[in-house]
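Just follow the structure's listing: the first ligand is 1, and inside any ligand the first atom is 1.
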Amino acid sequence: MPETKTANIIDGKACAAETREALKVQVQKHVAAGHRPPGLAVILVGDNPASELYVKNKITACKNVGIESHLHRFPKEASQQEIIACLNELNTSDTIDGILVQLPLPSPLSEAEVLDAINPAKDADGLHPFNLGCLLAGKPGPRPCTPAGIMTLLAKYDVTIEGKSATVIGRSNLVGKPIALMLMQKNATVTICHSRTQNLPDVVRSADILVVAIGKSRFVPGDWIKPGAVVIDVGIHHEKGADGKSVITGDVDFQTAQSVARLITPVPGGVGPMTVAQLLANTVYSYQTRLGIS
Ligand code: GUN
């Protein structure tokens with residue numbers, strides 16, 4: 001196996017650790033001044049192993065920065081009404097600043113209806129339509145965690161966005177649409193690709209900045225990538241390798257992409273840790289806003 005270079009790898013783990021440290025200092029300052037700690041409520045429905053792991057990581061990260069987390073678990077048979085009743089309580093609780101509903105929800109629950117029931121002022125994920133509207137209109141508000149984390153990474157690595165050609169593969173509310181808006185607001189020329197896009201390899205080859213959030217393992221090979229491009233891989237997949245051992249892959253074929261890209265996020269250790277760091281940042285932001293402190 002060829003040796004992996006590290007020179008062009010975007011270190012999301014280190015960047016997330018920096019963000020967490022800054023948040024921890026802020027929380028410590030507020031608590032020392034006599035304020036209660038921030039509170040994040042996490043709703044987990046069903047027993048999806050990936051969601052279990054993400055929620056566990058989020059709860060650990062909260063603890064590390066001094067945010068109190070409150071996990072509300074529901075069985076996969078839970079009704080929409082039960083979940084919305086829980087949200088209604090959390091929406092008015094004095095000690096809860098952020099609310100997160102881990103996605104995906106098991107069918108037949110409606111993600112749109114559940115997200116609509118979150119108090120937009122406590123929307124730790126920035127996925128309520130009001131907050132997505134604020135993003136569209138360029139107004140302040142909590143931003144979806146994965147795209148906001150990606151923008152932080154691009155800034156940390158001094159990636160020029162203005163005037164560049166950015167291609168986003170995937171059009172979800174969670175990642176594709178919001179990251180396209182954020183890149184456009186930084187004056188990139190943005191192309192959004194999806195399952196019906198024609199000549200996808202050629203479109204991808206024109207990108208100076210490529211964001212892949214398609215949910216398919218190793219979907220983008222290195223020979224689709226423009227030499228010198230910045231590649232952001234949002235995918236995460238657990239697979240069995242040729243030796244039977246489990247391997248974690250992204251939406252990009254890292255092995256062939258790394259030698260073509262100028263900068264690339266690894267999986268794991270790229271975008272994932274930034275998603276969690278941004279969730280904490282959104283929670284602290286809504287805590288500070290609710291308490292009128294900064
Ligand atoms: N599932 C995958 N990513 C996310 C995320 O950023 N937020 C929530 N709530 N669920 C997810």
Side-chain angles (χ1 to χ4, degrees), residues 12 16 19 40-62 67 69-74 76 78 83-84 86-87 90-91 96-107 109-120 122-132 135 141-153 168 170-182 211-217 232-238 248 250-251 265 267-268 270-283 285-286:
T19 305
L40 174 70
V42 178
I43 295 191
L44 177 59
V45 188
D47 48 16
N48 177 327
S51 294
E52 294 268 357
L53 182 62
Y54 294 143
V55 164
K56 189 170 155 236
N57 290 343
K58 288 172 182 178
I59 287 174
T60 304
C62 279
I67 296 173
S69 62
H70 307 261
L71 176 60
H72 298 261
R73 274 180 176 276
F74 289 88
K76 62 178 183 305
I83 294 163
I84 290 177
C86 176
L87 285 172
L90 297 169
N91 281 343
I96 295 297
D97 304 291
I99 302 171
L100 152 82
V101 178
Q102 186 63 32
L103 304 175
L105 291 174
S107 64
L109 295 172
S110 157
E111 284 182 3
E113 279 181 32
V114 169
L115 293 176
D116 276 6
I118 296 173
N119 176 350
K122 295 188 178 186
D123 177 21
D125 251 333
L127 295 174
H128 187 283
F130 177 84
N131 290 320
L132 290 174
L135 168 62
R143 299 299 193 225
C145 298
T146 300
I150 292 170
M151 295 307 284
T152 303
L153 285 177
V168 177
R171 54 176 160 178
S172 67
N173 286 349
L174 201 57
V175 184
K177 280 188 263 184
I179 190 66
L181 284 168
M182 289 176 189
V211 180
V212 192
I214 190 81
K216 290 185 182 160
S217 177
I232 305 292
D233 188 348
V234 180
I236 181 152
H237 311 275
H238 298 260
I248 300 177
D251 287 354
T265 57
V267 180
V271 171
M274 293 305 292
T275 298
V276 180
Q278 186 62 38
L279 169 73
L280 307 176
N282 283 351
T283 304
Y285 169 83
S286 86

For Asp233 and Asp251, indicate whether the former's side chain and the latter's backbone hold a donor-acceptor pair under 3.5 Å. yes
Contacts of Pro129 meeting side-chain contact (heavy atoms from CB on, under 4.5 Å) (sequence neighbours excluded), chain-then-number -> Asp116
Spatial distance of atom CD (Glu111) from atom CG (Leu174) [nearest 0.5 Å]: 8.5 Å
Salt bridge (charged side-chain N to carboxylate O under 4.0 Å, His left out) involving Arg73 - partner list, sequence neighbours excluded: Glu52
Heavy atoms only: give me the nearest Ala148-Arg143 pair and the separation to one decimal. CB-CB, 4.0 Å
Please enumerate all residues that pass side-chain contact (heavy atoms from CB on, under 4.5 Å) together with Ser51, with sequence neighbours excluded. Leu44, Asn48, Gln102, Pro104
I'd like a table of the close N/O pairs between ligand 1 and the protein (anything under 3.5 Å), one pair per line with both atom names and the distance.
| unit_1 | atom_1 | unit_2 | atom_2 | d |
| --- | --- | --- | --- | --- |
| ligand 1 | 1 (N) | Gln102 | NE2 | 3.3 |
| ligand 1 | 1 (N) | Leu103 | O | 2.9 |
| ligand 1 | 7 (N) | Asp125 | OD1 | 3.3 |
| ligand 1 | 7 (N) | Asp125 | OD2 | 3.1 |
| ligand 1 | 9 (N) | Val101 | O | 2.7 |
| ligand 1 | 9 (N) | Asp125 | OD2 | 2.5 |
| ligand 1 | 10 (N) | Gln102 | NE2 | 3.4 |
| ligand 1 | 10 (N) | Leu103 | N | 3.0 |

